[in-house]
Amino acid sequence: MKRRQPPHAQQPLTTLLLLSLLFILQACSSGGGSAPSYTVGGTISGLTGSLTLQNNGSETLTLSTNGDYSFTTRLNEGTSYNITIQNQPENDTCTVSNGSGVVAKQNITISISCAPTTYTLGGSVSGLTGSLTLKNNNSDTLTLTQNGNYTFTTPQINASSYNITVDSQPDAQHCAITNGSGTINRQAINNIQISCSPTYTIGLTVTGLQSATVTLQNNSEPYAISASGSHTFPTALTTGSNYNITIQSQPSGYQCTFSSNNTSGTVANQNINNITLNCNAAPNGYYTGSASVKADDNSTTITIPSGGLQAMVNGNRMMFMSDANHLLYDATITNISGINYSATVKIYKLGKVYTTATLTGTIQNHTIEGTFVGTKAGSGTFTVTREANSQQADLGRLVTGFEPYPVDAGDVWKASVFGLGREWGFAIDVTSIATGTNMIPISSGDLGLIQLCSYYGSELVVMPTSPLYQANIVLVGCYDGGGVIVSGNYTGLAVQYSVSGDDDTVLLAYTGAEAGFFAIYKVVRYG
């Protein structure tokens with residue numbers, strides 16, 4: 001029978017097996033397998049260029065897009081890492097968050113954020129005594145109230161353009177900018193210099209202007225003025241600046257002139273305020289209207305109805321004619337001040353000076369109003385308004401043959417003398433038009449008060465800047481009712497006032513010496 005070993009006899013075998021197992025495990029750990037490793041990477045945002053990273057001062061990684069990134073080399077647990085930026089992008093600045101540490105049984109995630117690289121924009125200001133507001137690119141605003149260095153609040157990215165302008169100047173100063181525009185080139189801009197100097201106003205006094213607008217200009221700056229008084233151009237000038245005040249456009253119904261020649265010069269440390277612009281009514285034109293004047297008895301009123309009074313104005317000459325009452329007023333304007341005027345007047349009736357008067361009134365909005373101060377027809381009031389087209393007469397057809405009524409040698413015209421009701425025929429000498437002596441008589445005879453005279457005249461000439469015409473009438477060997485010879489050369493104004501059928505009606509008025517007055521109020525063409 002086999003003997004069983006006691007329990008203590010089995011212990012050496014068990015111990016041996018355990019030692020063998022430990023030996024095998026140790027062999028595996030020292031070369032029989034690989035330890036775990038971990039990635040080093042993360043995410044990048046805001047990148048617009050090319051960024052180069054470095055780990056532990058050796059391994060590099062270049063990135064050009066946003067999103068996830070990872071270094072090629074994996075690291076074991078316990079290994080140190082240190083992620084740094086080797087090269088920044090051209091126009092960005094990138095920052096690494098938590099870029100260094102020790103690997104601890106997990107992948108390493110490091111965030112990198114990039115933003116555009118910015119540079120400050122500024123300079124210095126000198127001479128400032130008030131408040132100056134600047135703008136960059138017409139948006140970024142900066143207000144300065146003291147001299148010295150300044151910087152705009154908003155930084156600028158590389159390669160961006162800047163343009164510094166003055167948004168509002170300080171009171172009584174003008175600030176000029178030097179180096180105010182350019183492009184950022186990887187450095188701050190601090191050389192934008194602003195120099196402020198006192199400014200002086202350009203002003204003037206306007207007289208006589210009412211209900212109209214005159215446009216002036218200083219150099220090229222326009223300035224519209226619609227009332228009398230003191231006025232100042234919007235833009236003030238610094239010492240040494242030139243000024244030149246001119247009239248760009250005249251107001252309707254006025255003629256404005258400067259009272260002296262001090263309208264140009266150079267600003268020299270003081271305001272310019274000694275310029276005066278005088279605006280006076282400019283009434284040139286043809287008018288129609290009405291009047292109310294006294295009769296011979298100085299008490300009865302003669303009413304000239306609307307349209308019955310016709311007036312012509314050229315320069316300082318005013319002529320009022322009333323066919324119905326056989327009156328002709330020949331006025332010389334002695335003064336026009338703004339809309340107010342005064343004149344001396346001779347009133348003719350039946351070819352002689354009937355009475356005299358003084359005349360005062362206003363010329364405004366193309367309407368002339370006046371009061372005669374005298375006796376008989378020289379006492380009363382009138383109102384006339386300029387016609388819309390000023391009834392510019394086409395009297396050139398009398399001497400040049402304009403259609404539709406060409407001038408022919410066979411045309412006969414007749415003239416009626418004021419108050420006489422008689423007619424006198426004359427023709428146009430076509431062959432002598434070029435010489436200007438083109439109105440010649442074809443008949444003469446008993447004309448009542450004016451007898452046995454020869455009549456001729458020069459062509460009708462357009463008056464400059466006026467719709468009126470000037471004519472020249474020559475009388476030779478005429479006699480008035482008192483046996484006085486009437487001869488002489490008489491100049492007057494003329495205007496056409498109607499055309500009817502084949503007949504042209506022309507209103508002419510001529511004045512001369514009292515004894516030799518000759519007036520034609522209608523010339524009717526019979527061709």
Side-chain angles (χ1 to χ4, degrees), residues 33-124 134-144 148-165 167 177-194:
S34 299
S37 61
Y38 302 93
T39 60
V40 178
T43 58
I44 184 170
S45 61
L47 181 65
T48 60
S50 178
L51 168 69
T52 300
L53 302 177
Q54 194 174 50
N55 184 19
N56 292 328
S58 59
E59 184 180 8
T60 60
L61 175 64
T62 300
L63 305 174
S64 59
T65 58
N66 293 301
D68 296 334
Y69 73 92
S70 180
F71 279 86
T72 302
T73 302
R74 299 166 66 90
L75 300 181
N76 294 330
E77 181 185 359
T79 303
S80 297
Y81 62 90
N82 182 25
I83 307 303
T84 58
I85 295 175
Q86 186 180 58
N87 292 311
Q88 292 277 10
E90 182 178 8
N91 294 321
D92 292 338
T93 298
C94 299
T95 304
V96 179
S97 298
N98 302 317
S100 62
V102 178
V103 177
K105 295 184 179 181
Q106 63 180 356
N107 294 330
I108 305 302
T109 301
I110 301 171
S111 295
I112 301 175
S113 60
C114 300
T117 304
T118 59
Y119 303 91
T120 58
L121 183 66
S124 64
L134 304 176
K135 275 192 174 182
N136 177 32
N137 293 329
N138 205 33
S139 58
D140 189 15
T141 301
L142 176 65
T143 298
L144 304 176
N149 295 330
Y150 69 90
T151 302
F152 276 86
T153 304
T154 304
Q156 306 297 304
I157 63 174
N158 188 51
S160 64
S161 298
Y162 60 91
N163 182 32
I164 310 302
T165 56
D167 185 54
I177 299 175
T178 304
N179 303 321
S181 61
T183 302
I184 303 294
N185 186 19
R186 297 195 186 94
Q187 64 179 356
I189 302 299
N190 55 17
N191 67 337
I192 303 174
Q193 309 301 320
I194 300 175

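Annotation: side-chain hydrogen bond (donor to acceptor under 3.5 Å, both in side chains) contacts involving residues 95-115, sequence neighbours excluded, comprise T39-N107. Contacts classified as side-chain hydrogen bond (donor to acceptor under 3.5 Å, both in side chains) and involving residues 58-68 (residues at least two apart or in different chains) are given here: T52-T62, E59-T73.
A donor-acceptor contact shorter than 3.5 Å is absent between the side chain of N91 and the backbone of P116. A donor-acceptor pair is defined here as one N or O able to donate and one able to accept, closer than 3.5 Å; no such pair exists between the side chain of N82 and the backbone of G57. Remark: the backbone N or O of N149 is not paired with any side-chain donor or acceptor of S124 at under 3.5 angstrom.
Atom CD1 of I44 sits about 5.0 Å away from atom CG of L63, to the nearest 0.5 Å. Residue I177 holds its CD1 atom at 7.0 Å from CD1 of I164, rounded to the nearest 0.5 Å. With rounding to the nearest 0.5 Å, the separation of CD in E77 from OH in Y38 is 5.5 Å. The distance from atom CG of N179 to atom CD1 of I194, rounded to the nearest 0.5 Å, is 11.0 Å. Summarising the geometry, atom CD belonging to Q88 is positioned 10.0 Å from atom CG belonging to L47; distances are rounded to the nearest 0.5 Å. With rounding to the nearest 0.5 Å, the separation of CG in L142 from OG1 in T154 is 9.5 Å.
Nearest heavy atom pair, residue T120 against residue A188, reads OG1-CB, 3.3 Å. In this structure, S80 and N56 approach most closely via the heavy-atom pair O-ND2, 3.1 Å. Between Y150 and L144, the shortest heavy-atom contact is CB-CD2, 3.7 Å. Nearest approach of V96 to I83, heavy atoms of both residues: CG1-O, 3.9 Å. Listed here is the closest heavy atom pair of F71 and L61: CE2-CB, 3.7 Å.
With hydrogens and angles left out, the side-chain atoms of T48 and D92 include a donor and acceptor closer than 3.5 Å.
For the salt bridge (charged side-chain N to carboxylate O under 4.0 Å, His left out) test, no residue two or more places apart in sequence or in another chain qualifies with D140. Applying the side chain to side chain contact (heavy atoms under 4.5 Å, CB included) criterion to T183, with sequence neighbours excluded, gives S161. Residues that satisfy the side chain to side chain contact (heavy atoms under 4.5 Å, CB included) test with N163, not counting sequence neighbours, are N137, T165, S181. In this structure, the salt bridge (charged side-chain N to carboxylate O under 4.0 Å, His left out) partners of E90, at least two apart in sequence or on a different chain, are R186.
Side chains of I110 and Y69 form a contact here, defined as non-hydrogen atoms less than 4.5 Å apart. Looking at I108 and L75, their side chains never come closer than 4.5 Å, going by heavy atoms from C-beta outward. Side chains of N136 and L121 form a contact here, defined as non-hydrogen atoms less than 4.5 Å apart. Counting heavy atoms from C-beta outward, L134 and F152 have side chains that approach closer than 4.5 Å. Side-chain contact between I189 and I184 is present, with heavy atoms from C-beta onward closer than 4.5 Å.
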